[in-house]
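Whatever order the structure lists ligands and atoms in, that order sets their numbers, starting from 1.
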Amino acid sequence: MAVLFITHDMGVVAEIADEVAVMHRGRLVEHGPVEDVFLAPQAAYSRMLIQSVLRLEEPAPQRAHRAERLEAAPVLLKVEGLTKVFAPRKGLFRRGGEAVQAVAGVQLDLREGETLGIVGESGSGKTTLGRCILRILEPEGGSILLRRRDGAVTEVRGLDRAGLRHAHREMRMIFQDPYGSLNPRMTVGEVVGEPLLVNGLLSGEALRRRVGELLEMVGLPAAAAERYPHAFSGGQRQRISIARAVALNPKLIVADEATSALDVSIRAQVLDLLLDMQERLGLSFLFISHDIGVVRYFCDRMAVMYRGRIVETGPTERVCSAPEHGYTRALLSAVPSADPRRRGLGRRSRYRDG
Ligand SMILES: Nc1ncnc2c1ncn2[C@@H]1O[C@H](COP(=O)(O)OP(=O)(O)O)[C@@H](O)[C@H]1O
Ligand SMILES: [Mg+2]
């Protein structure tokens with residue numbers, strides 16, 4: 001049987017296809033046996049695409065030699081015993097459903113300047129965990145200690161509304177969907193400047209100047225401020241979200257599937273931008289992703305989440321090269337490599353609980 005398999009995922013192509021055709025802007029730019037195209041791409045576009053994919057299969061070079069410095073850094077965030085239960089959902093076709101324990105006693109810590117990846121399949125509780133840490137969702141139990149800008153440590157769960165609003169200056173979120181998460185009625189300048197304006201920190205000409213600086217920091221022209229988000233591509237919109245997230249000079253950014261909707265070449269660029277911002281601004285990231293490959297590129301340490309629990313945690317390289325938990329092994333075995341020479345080396349494994 002012949003199969004025409006259409007996908008944006010180069011890893012899957014390298015893994016299963018015999019021949020590949022690369023399309024760009026409605027044209028077929030290259031066509032040939034997978035080995036030829038992947039190992040010696042002819043068209044500039046295929047070359048760029050394959051380079052980005054292969055680059056994301058290794059740890060980011062920017063991350064080398066960070067471990068020692070991070071070990072000496074103070075703990076920024078310490079979460080213990082965090083739990084969140086959702087009441088049964090009621091619906092037309094559901095009766096007496098069961099409550100979902102989305103986060104079940106999670107413990108983690110994150111140092112200043114560090115990136116911790118939270119990885120796990122869809123429904124494992126990653127988004128709920130991220131939202132509970134910022135108290136966008138209210139957890140039922142546990143503790144969330146945040147080291148503040150002045151060095152004092154705050155129990156985030158004990159904060160009242162005003163206290164939480166103040167803490168939110170220091171911890172911000174970036175979301176997945178660059179199309180849905182920006183208000184289409186606001187100009188880019190308003191989107192980026194809003195946190196500064198509503199917190200009463202800047203206005204008028206000073207605000208305009210700061211927004212210009214923020215846009216340039218994320219690789220956009222200052223003049224982008226006058227346009228609307230819909231005029232920008234997915235990757236550019238994610239840059240706008242990043243500019244907005246760092247406007248208040250936060251310490252912690254919770255990025256929830258922040259690069260999952262982007263094409264692979266754009267994804268690499270946005271990840272590199274985040275690494276660059278981290279160095280410049282001393283940011284810490286809680287980087288939530290279902291994609292263990294991206295976590296391996298981007299994160300210093302990682303935590304593997306399964307059914308509301310963290311089943312394994314450690315330095316990214318250790319977890320990826322010598323996973324201890326069966327679920328981590330299954331996640332890793334599902335990542336196809338874009339190098340056709342590695343085809344068939346990894347054996348798929350499935351994780352069965354209990
Ligand atoms: N608002 C909600 N109400 C009820 N159940 C929810 C709600 N949000 C998430 N859940 C459930 O909690 C579990 C974890 O979801 P989520 O945190 O979104 O996982 P992930 O981000 O890892 O995909 C899933 O079983 C999901 O169906
Ligand atoms: Mg999610």
Side-chain angles (χ1 to χ4, degrees), residues 77 79-108 110 115-142 144 156-157 171-182 234 238 241-242 245 252-262 267 270-271 274 285-296 298-299 301-313 316 319 323 325-332 334-335 350-354:
L77 177 74
V79 171
E80 269 173 352
L82 200 69
T83 59
K84 175 72 192 172
V85 179
F86 289 113
R89 277 182 173 147
K90 294 203 180 74
L92 197 51
F93 301 106
R94 272 184 264 230
R95 255 187 310 144
E98 281 173 45
V100 177
Q101 174 114 40
V103 176
V106 162
Q107 174 158 350
L108 58 84
L110 178 66
T115 301
L116 175 67
I118 308 284
V119 68
E121 68 197 352
S122 170
S124 54
K126 308 180 296 298
T127 292
T128 308
L129 172 62
R131 288 174 181 242
C132 283
I133 289 172
L134 268 73
R135 279 185 58 203
I136 297 167
L137 280 171
E138 215 47 77
E140 273 90 45
I144 304 162
V156 174
R157 286 202 66 214
M171 41 182 193
R172 314 290 301 174
M173 224 164 157
I174 308 176
F175 301 96
Q176 166 169 11
D177 176 11
Y179 295 92
S181 65
L182 301 177
Q238 212 50 318
S241 307
I242 293 165
L252 168 66
I253 289 188
V254 176
D256 188 356
E257 305 282 4
T259 61
S260 301
L262 303 174
R267 182 178 302 159
V270 171
L271 289 167
L274 290 173
F285 288 105
L286 204 61
F287 188 81
I288 295 172
S289 178
H290 70 282
D291 184 341
I292 201 166
V294 168
V295 167
R296 187 167 51 191
F298 188 68
C299 300
R301 281 191 307 128
M302 62 190 272
V304 181
M305 209 167 168
Y306 177 70
R307 295 197 181 168
R309 293 175 200 280
I310 289 177
V311 295
E312 177 159 10
T313 178
T316 305
V319 174
H325 197 278
Y327 179 66
T328 314
R329 279 197 290 275
L331 272 185
L332 282 161
V335 181
R350 280 176 66 190
Y351 179 63
R352 270 193 215 86
D353 206 2

Measure across [X] and [Y] and return the closest heavy-atom pair with its distance rounded to 0.1 Å.
X    : Y    : result
L82  : P139 : CD1-CB, 3.8 Å
T83  : G105 : CG2-N, 3.3 Å
F175 : Q238 : O-NE2, 2.8 Å

Exam field: side chain [X] to backbone [Y], donor-acceptor pair closer than 3.5 Å:
X    : Y    : value
Q176 : S260 : no
K84  : E138 : yes
S124 : R307 : no

Within less than 2.8 Å of the Mg ion (ligand 2), how many protein N/O/S atoms are there?
-> 1
Using a threshold of 4.0 angstrom between heavy atoms of the protein and any atom of ligand 1, which residues qualify?
-> F86, R89, V100, A102, E121, S122, G123, S124, G125, K126, T127, T128
Within a reach of under 6.0 Å around CZ of R135, are more than 12 heavy atoms found that belong to other residues, nucleotides or ligands?
-> yes
Decide yes or no for R267 and D291: does some side-chain heavy atom of the first lie under 4.5 Å from some side-chain heavy atom of the second?
-> yes
Which of these passes side-chain contact (heavy atoms from CB on, under 4.5 Å) with I288: L116, L129, V254, V295?
-> V254
